[in-house]
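Working notes, structure below.
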Amino acid sequence: MAVAAVLVRRPLEQVTVRDAINQGMDEELERDEKVFLLGEEVAQYDGAYKVSRGLWKKYGDKRIIDTPISEMGFAGIAVGAAMAGLRPICEFMTFNFSMQAIDQVINSAAKTYYMSGGLQSVPIVFRGPNGASAGVAAQHSQCFAAWYGHCPGLKVVSPWSSEDAKGLIKSAIRDNNPVVVLENELMYGVPFELPSEAQSKDFLIPIGKAKIERQGTHVTIVAHSRPVGHCLEAATVLSKEGIECEVINLRTIRPMDIETIEASVMKTNHLVTVEGGWPQFGVGAEICARIMEGPAFNFLDAPAVRVTGADVPMPYAKILEDNSVPQVKDIIFAIKKTLNI
Amino acid sequence: MRKMLAAVSRVLSVVAQKPASRVLVASRHFANDATFEIKKCDLHRLEEGPPVTTVLTREDGLKYYRMMQTVRRMELKADQLYKQKIIRGFCHLMLLPMQEACCVGLEAGINPTDHLITAYRAHGFTFTRGLSVREILAELTGRRGGCAKGKGGSMHMYAKNFYGGNGIVGAQVPLGAGIALACKYNGKDEVCLTLYGDGAANQGQIFEAYNMAALWKLPCIFICENNRYGMGTSVERAAASTDYYKRGDFIPGLRVDGMDILCVREATKFAAAYCRSGKGPILMELQTYRYHGHSMSDPGVSYRTREEIQEVRSKSDPIMLLKDRMVNSNLASVEELKEIDVEVRKEIEDAAQFATADPEPPLEELGYHIYCNDPPFEVRGANQWIKFKSIS
């Protein structure tokens, strides 16, 4: 008996990053019984930042678990559960608190598949907001992309848009390896158009692949997370001056898609990296080192340039905080410098 | 009696292949089982504890004896290989204290479908959880025939339902509570034995694990192996309270004689039954190696001689204890047990031979096993021109 399949094209939805992550988790919880979420306030409070809103109501105590304030303990419990075959999503209220649990992330999760000679896998996701927020001061504003990106055995992703957030959280949950998902609190409320593919329950974004958000010919700008938006703003401003920027959204910190960056630099001959974290030993530093080691170096017409957070613990006063994170004007300045304009 | 001897001689004539002594042993009449008194456990927040008598069958007794001897000899061999520098790095052994009764006794109290995790003094557990001496020794010597293909070494051995082998003191305890969470989540009536030492018992994350295990009623048996020293620091210098079985506070606990395999077995059965009934976690302290208050590092006071120390050690030797019990209750003969010793020694020798002769893992595999289930990719070596292939 033939069944006519009718394709309904829904109009492009505006979905906030928060809701995109929520949808991604909801779909994966529904798809696989082994998936569960644990963390502080994720259940009855609907999530400290409301990212897990509605999930406890739908899935109950067994699958959405409120933990006491015990990062090292509950991260370890999550890793143990993953070793025993479940697929936990372990939320850190912010990644600043993950520092208390970082031993479990690195020594118990990241290294285990290797140390066991391929016997013991750890299919776990660590997620939560990373980096600067607004007015939360030094202890609550650190970016951990470089720290987690340093470690073999981990995968580290950093979504910017709603499409990124949904596709990457789903891929992370389905991945059999420990994946760190660095979200951004200031992006949670930002709406994006979700393309129709993203509305499918099997919409995945591959981990390890960057996306060219904007094509250009004069300079390659590489960023991850919120700064991607700043780069696109800078590109719009510069376009009026006849400078066309190619903006690359890294999407994944580790394994890094250096090939996409190289191909772009070989076209534009100029490179600017942009990140929220501190400059020393950061994401931009790694990109620059790798560009020097690869085929793109000979195509550079000027040294690669980095735009980063200021090399200070995050201050509180607004004027100080504003100048401790990369602004659009700082990106434009850096681009013009490297283009010698 | 005559008829029996006649029957025996008929059997002897048929079974002509076996050496005479073996046949004599086989024909001797042993008891099937015997009842033994075991030490009463100290209890914390428990009305009743494990039984104070237990039945040991001949079959079990022989099995435990063989297993304990295998662990003992394997550790002795590892000690030897380490001194010969064939084993490198860390090599934490179960020799002094003699903790064979712990690993064999715990295993005797649970099912193979239960789970176990411990810290770095793990070779004995790796064996009792099902791996061969061969693969354990070959892992220690860093060869490709090692259970982790030479990638892990002494502290990182894994087997089915055995989660290592963990190098960071205390980190294995939340992991164990997490495995217990999975047991409860899956609804299969399994428990997780989560081991740590008296030194680790002061780690904060253990108290976090206690809290969550009790809150969520996880089927986790927390087990503190108290050998009275955390590296060089005695328990009195490390813990404000050395009643480790009480440190779980709201978690019921029992203190067990860790040198008596039957005591360990009964306590484990008791604890496992407690967990399986859904009551939540329980804590066991296994006391090993009692020095009875003596301090060897006590300067200028030598009120105990080496001979006395030896005597104390021999009285606490779990293998001797089992042997004496079995022989005195006619569960086994001295000769029979000696035969087991010979067989075990051979098994260890063969394993050691393999462990020293097997080649190291191929250099090409240095990059393997970074990620699970991933397509192959390249891993950077010491410089940008050195690349290693990585497959799952």
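Sequence lines set the chain letters: A, B, ... in the order given, protein chains first and strands last, and positions in each chain run from 1. We use all heavy atoms of the structure for the numbers below, so side chains are in, but hydrogens, waters and symmetry mates are not.
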Region of Lys155(A) that comes under 4.5 Å of a non-hydrogen atom in chain B: both
message: Given heavy-atom pairs under 4.5 angstrom as the criterion, report whether the side chain, backbone, both or neither of Trp385(B) touches chain A.
response: neither
- request: Output the option from Asn166(B), Asp374(B), Val173(B), Val379(B) having the highest count of non-hydrogen pairs under 4.5 Å with chain A.
  value: Asp374(B)
query: Charged N to carboxylate O below 4.0 Å: is that the case for Asp202(A) and Arg174(A)?
result: yes
statement: Scored by heavy-atom pairs under 4.5 Å with chain B, the best of Ser121(A), Pro255(A), Ser116(A) is Ser116(A)
- prompt: Which bit of Cys192(B) comes within less than 4.5 Å of chain A, counting heavy atoms only: side chain, backbone, both or neither?
  reply: neither
- request: Measure distances from Asn107(A) to the heavy atoms of chain B and classify the residue's part below 4.5 Å as side chain, backbone, both or neither.
  value: side chain
- prompt: For Ile206(B), is it the side chain, the backbone, both or neither that has a heavy atom under 4.5 Å from a heavy atom of chain A?
  reply: neither
- request: Output the residues of residues 174-190 of chain B for which the shortest heavy-atom distance to chain A is under 4.5 Å, in residue-number order; output 'none' if no such residue exists.
  value: Pro174(B), Leu175(B), Ala177(B), Gly178(B), Ile179(B), Leu181(B), Ala182(B), Tyr185(B), Asn186(B)
- prompt: Which region of Gln104(A), side chain (C-beta onward) or backbone (N, CA, C, O), has a non-hydrogen atom less than 4.5 Å from a non-hydrogen atom of chain B, or is it both or neither?
  reply: side chain
task: Check the side chains of His123(B) and Ser154(B) for a donor-acceptor pair under 3.5 angstrom, ignoring hydrogens and angles.
output: yes
task: Please determine, among His115(B), Glu139(B), His156(B), the option with the most heavy-atom pairs under 4.5 Å with chain A.
output: His156(B)
- prompt: Just by modelled atom types, is the Ser241(B) backbone N or O under 3.5 Å from a matching donor or acceptor in the Arg247(B) side chain?
  reply: yes
Lys170(A) to Phe203(A) six-membered ring, cation-pi geometry met (6.0 Å, 45°): no
- request: Take the angle between the ring planes of Tyr148(A) and Phe144(A) and call it parallel below 30°, perpendicular above 60°, tilted in between.
  value: tilted
query: So, are Lys166(A) and Glu27(A) salt-bridged, with charged N and O less than 4.0 Å apart?
result: yes
message: Under 6.0 Å between ring centres: does that hold for Tyr371(B) and Phe377(B)?
response: yes
- line: Tyr210(B) meets the ring-ring contact (aromatic ring centres under 6.0 Å, His included) criterion, sequence neighbours left out, with Phe207(B), Phe222(B)
message: Could you check whether Arg380(B) pairs with Glu293(A) (Lys NZ or Arg NE/NH1/NH2 to Asp/Glu carboxylate O, under 4.0 Å)?
response: yes
message: Tell me which of these, Ala75(A), Pro178(A), Gly208(A), Ser108(A), has more heavy-atom pairs under 4.5 Å with chain B than the rest.
response: Ser108(A)
- request: State which residues pass ring-ring contact (aromatic ring centres under 6.0 Å, His included) with His150(A); sequence neighbours excluded, sorted by chain then number.
  value: none
message: Angle between ring planes, Phe126(A) versus Phe92(A), binned at 30° and 60°: parallel, tilted or perpendicular?
response: parallel
query: What part of Leu154(A) lies closer than 4.5 angstrom to a heavy atom of chain B: side chain, backbone, both or neither?
result: backbone
- line: Contacts satisfying salt bridge (Lys or Arg N to Asp or Glu O under 4.0 Å) that involve residues 70-99 of chain A (not counting sequence neighbours) are Glu91(A)-Arg127(A)
- line: One option among Arg290(A), Gln120(A), Lys111(A) has the most heavy-atom pairs under 4.5 Å with chain B, and it is Gln120(A)
message: For Lys58(A), is there an ion pair with Glu30(A) - N to carboxylate O distance below 4.0 angstrom?
response: yes
message: I'd like to verify something: which residue of Gln384(B), Glu365(B), Lys149(B) has the highest number of heavy-atom pairs under 4.5 Å with chain A?
response: Gln384(B)
- line: Turns out that what part of Glu33(A) lies under 4.5 Å from chain B's heavy atoms comes down to backbone
- prompt: Between Asn211(B) and chain A, which part of the residue has a heavy atom less than 4.5 Å away: side chain, backbone, both or neither?
  reply: side chain
